[in-house]
Amino acid sequence: MQKYNHEKIEKKWQKEWARDGFAEWRAEGGSKKKKKYILDMFPYPSGDGLHVGHIEGYTASDIVSRFSRMNGYNVLHPMGWDAFGLPTENYAIKHKVHPAKVTEKNVNNFRAQLQRMGFSYDWSREVNTTDPEYYKWTQWIFLELFKRGFAYEAEVPVNWCPSCKTVLANEEVIDGACDRCHSEVVHKNLKQWILKITAYADRLLSDLDDLDWPERIKEMQRNWIGKSHGALIKFPLVDYKFPVEVFTTRPDTLFGVTYVVLAPEHKLIEELKDYVTNWDEVVEYTSVAKNRSERERQEKKEKTGVELKGIVVINPANKKEVPVWVADYVLMGYGTGAVMAVPAHDERDFAFAKNYRLPIETVIQPISYNWDATVAAYTEEGKMVNSGEFDGLGSGEAMEGIVSKLKEQGFAEDAVKYKLRDWVFSRQRYWGEPIPLIFCVACAEKIKNKTLKTKNGGEVLNPGWVAVPEDDLPLALPNVKHYEPTGNAESPLAGITKWVNTTCPRCGGEARRETNTMPQWAGSSWYYLAYIMRENNTYQAPNARDFKYWLPVDMYIGGAEHAVLHLLYARFWHKVLYDAKIVPTKEPFYALRNQGLILGPDGVKMSKSRGNVINPDAVVKEYGADTLRMFEMFMGPFEDSKPWDVRSIVGIRRFLERVWGLQVKTQDDGSDDAERLMHQTIKKVTEDIGTMHFNTAISALMVYVNALAEQEVVSNKTYKTLLLLLAPLAPHITAELWQLMGNEKSIHSEAWPNYDPKRIVEEHSTLVVQVNGKTRDSLKIARGISEEGALAVVTKLERIASHIQDKEIVRVVYVQDKLINIVAK
RNA sequence: GCCGAGGUGGCGAAACUGGCAGACGCACUAGCCUUAGGAGCUAGCGGAGCAAUCCAUGGAGGUUCGAGUCCUCUCCUCGGCACCA
């Protein structure tokens, strides 16, 4: 027998699998077989290469894929590259190479690394978001959104990074600074394309209930969407025609309103200019407030504001006049940008009222304890006081009563508000998908006074914009000399007049292209559909039959960091496509699992600056891909985060060497001592892989191998079963051993072994004997013994007798074949 | 502050519907084998005790014949959100 040479074996089989273009892992199109779509979150091909965290998730999905194939499923298990993005572009600028070149180099490295791990991807469906044939469809879907009225252009305040020279998405701003370069982010008002994700807020929320996702991720999405039920309440302005409209979730506190607050950006402020007596003071405050950076606004400083002197509104509940203030603790982006302040029952209002010595009026009393209204706000529900006819009611009843009374009078209506904002979709950078829209002045002029309808029957919001015709897609990224950002809020594409100037697809007149590109998240919002559309290295048009067969994704595996970004965006696009009858399911990803974070050996998150990053290539070289795969699965529960323990990996290596060594003991008619354990192991491993409990599946295999190793001879049957059970976990060594056993067919195309339930049960069972609930002894006993029979045997045991002598047996609890508990006094 | 997930040996962890707590692996200890070992094999390995036995699943109560598992309170760790009215 040769030594277990992982390097030689792994190279041999990787070459073997690649020989026919990885045909063994290919998903069959148009098949009648039952299917499984097992998807990894595709990586951003960075210059650093794959890290051990990627490998953890990819190994798990590979195991599930191989397991599913052996169980007769037609498996779609693809891989691709989410390759647009800033790091590549920044690298390209710094080193003066085209971002496409950088991408190609990184992709080649990633692909080679994945293939060295022996992952069973269907490489004939590989996708790359930066491939024009790919982003043709990204653009196509964008246009579907556009045509249905879910894309609109508007001037909005955005986060601008002065160093990266682009708009940042909210998710790219951490504590008011750019996530990438840590420059302080400033606010700018820019015209941007925006996607109306808020139109789907309610469905994005309610459809979560049917998904098999980690509760934590669902909860994050719920919080992000942030649905609140409440009421819109109108506070009429004295001597003015408009009311101030506020949103509140606590209409029961309405009688306690002592002032009303507007956000500094509120339009009403400007409209009230002529009535305000301290206008200069107001302008001074609002301009300072508007210019405060994100960071300054987030710092919990003193609450500041300014009164709109001369302006008074009427509380519709008690007809009292209350003043109006402007303060930046009220956000324009949520609700109506105006709130009714109830300092007695809201912490923020309380702090503000204390600061400006505004009155505080108690209208809710806690039921069970004393509360000092001069020290803090009472924000819970309670019993109504000082609220006219509602006194004495509970908060819940009062809310209904107050709102319904005000509704009759036209001062209130029920309302639902969301925290979710629309998705700012423009970026001023080069390395992204061009937005396929053309602006035509002539068309805009012509149709100015007509109302155009979208595909959905809504009103067209930006009538001058015309979609690039489908036949002209992809709208390719033009080559530019300088892809550095311009810094003047335009993308580098704006500088290429030849590209920008075009003709209007509608009227043929002169027109200009949109020059912004799409954000990083565009390509990943639909890539799971791209794999279905991609067959034999080309993209087919969206096809209802294929979508119906493969969707939804049965198992989606990746990191938790995408909880509210990619996973929300993809669900949004999917729902638009569902409504457009392009995809047949309401949701893209039926089941989701997050791999836990792999921490450095020091127990801290791996990072280059800390120097605690484990390089998988070095591990593969020293121990082999099979060992690395199994080690990562054995470290702990898949979804838990766990530190990398450098030393423990040898345990897995020893295990594989033991498996390797067993081959010399095999015989056709070898011992059958292990057969019961074999059936038990099949059961355990089958169940554990099915529930992604890889660590316990491996420990069951270790128990089995240890038992086989103790035998003089090992039967071919028990050894072959071992190899089959191990095949999804360690594909190379099992392929080699399978072949050495004289099998011609690949082990990975074999059927998963079955167990015989009758062969699992032991003839004898172990009966645990307790006295007063404490275990005193245990004994092997024939199955099926009666309570009386067991008791008779057990009371004779020395260690039992000593505990029950001089005592009266009050009760006996007997669990058939398992446990007997004697209760004695 | 709010939401979510967790606290079990020296370490990573097991324990299916309440039923022998610590499977499996690492590290460690002793022995065998070896010219050698960062190899292999055998045995041991939660704490106290010569032992019988007692104590142990963050802490305090409770339910139960029996609790790591169920209930109440409490402490701590990690992750997310955070002026959202």
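Quick caveat: nothing in here was measured; it's all calculated off a predicted structure. Every chain is numbered from 1 and lettered A, B, ... according to where its sequence line falls, protein lines coming before strand lines. Note: hydrogens, waters and symmetry copies are ignored here, and every other heavy atom, side chains too, is used.
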So what does [X] hit on the nucleic acid, given a heavy-atom distance under 4.0 Å: a base, only sugar-phosphate, or nothing?
X       : value
S228(A) : sugar-phosphate
E219(A) : sugar-phosphate
K218(A) : nothing
V813(A) : base
D777(A) : nothing
N706(A) : sugar-phosphate
R776(A) : sugar-phosphate
V768(A) : base
P643(A) : nothing
R653(A) : nothing
S648(A) : sugar-phosphate

Just how far, in rounded Å, is [atom2] of [N] from [atom1] of [X]?
X       : N       : atom1 : atom2 : answer
E798(A) : rU53(B) : CD    : P     : 10 Å
M633(A) : rC26(B) : CE    : C1'   : 18 Å
L656(A) : rG25(B) : CG    : C1'   : 13 Å
D328(A) : rA85(B) : CG    : C1'   : 15 Å
D688(A) : rA13(B) : CG    : C1'   : 14 Å
I217(A) : rG80(B) : CD1   : C1'   : 9 Å
E639(A) : rA5(B)  : CD    : C1'   : 11 Å
F694(A) : rA14(B) : CZ    : P     : 14 Å

Suppose we define a pair by two distances each less than 3.5 Å, Watson-Crick or G-U wobble; what does [N] pair with here?
N       : value
rC83(B) : none
rU29(B) : rA43(B)
rG4(B)  : rC78(B)
rU69(B) : none
rA56(B) : none
rG38(B) : none

Given [options], the nucleotide with the shortest approach to the side chain of [X]:
X       : options                   : answer
K303(A) : rA85(B), rC20(B), rC83(B) : rC83(B)
E622(A) : rC24(B), rA14(B), rG38(B) : rG38(B)
K419(A) : rC55(B), rC81(B), rC26(B) : rC81(B)
V650(A) : rA85(B), rC20(B), rC26(B) : rC26(B)
R647(A) : rA85(B), rA5(B), rA27(B)  : rA27(B)
V823(A) : rA85(B), rC3(B), rC65(B)  : rC65(B)
M220(A) : rC24(B), rG79(B), rA85(B) : rG79(B)
K642(A) : rA13(B), rC24(B), rC83(B) : rA13(B)
T249(A) : rG19(B), rA85(B), rA14(B) : rA85(B)

Give the ring-plane orientation class for Y334(A) versus F247(A), where under 30° counts as parallel, over 60° as perpendicular and anything between as tilted.
-> perpendicular

Return the orientation label for the Y356(A) and W325(A) ring planes: parallel under 30°, perpendicular over 60°, tilted otherwise.
->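 If you compare the ring of Y356(A) with that of W325(A), the planes turn out tilted.
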
Assign each of E710(A) and S699(A) to its nearest nucleotide of RNA chain B by heavy atoms, then name whichever residue's nucleotide is nearer the 5' end.
-> S699(A)

Identify, between V564(A) and S641(A), the residue whose nearest nucleotide on RNA chain B lies closer to the 5' end.
->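 The residue whose closest nucleotide sits nearer the 5' end is S641(A).
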
Taking atom P in both rA23(B) and rC2(B), what distance in whole Å separates the two?
->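 Taking atom P in both rA23(B) and rC2(B), they lie 40 Å apart.
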
Taking only the side-chain nitrogens and oxygens of [X], find out if one of them lies under 4.0 Å from OP1 or OP2 of [N].
X       : N       : answer
N695(A) : rA14(B) : yes
R654(A) : rG40(B) : yes
R811(A) : rC65(B) : yes

Does NZ or CZ of K303(A) fall inside the cone over Y329(A)'s six-membered ring, less than 6.0 Å from its centre and within 45° of the axis?
-> yes

Decide, yes or no, whether a salt bridge links R653(A) with E622(A) under the criterion of side-chain N to carboxylate O below 4.0 Å.
-> no

Establish, yes or no, whether a centroid distance under 6.0 Å links the rings of F631(A) and Y623(A).
->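 Distance test on ring centres: not under 6.0 Å, no.
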
Between W371(A) and H345(A), is the ring centre distance below 6.0 Å?
->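 W371(A) vs H345(A): aromatic centres under 6.0 Å.
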
Under the rule syn = chi within 90° of 0, otherwise anti, which is rG44(B)?
-> anti

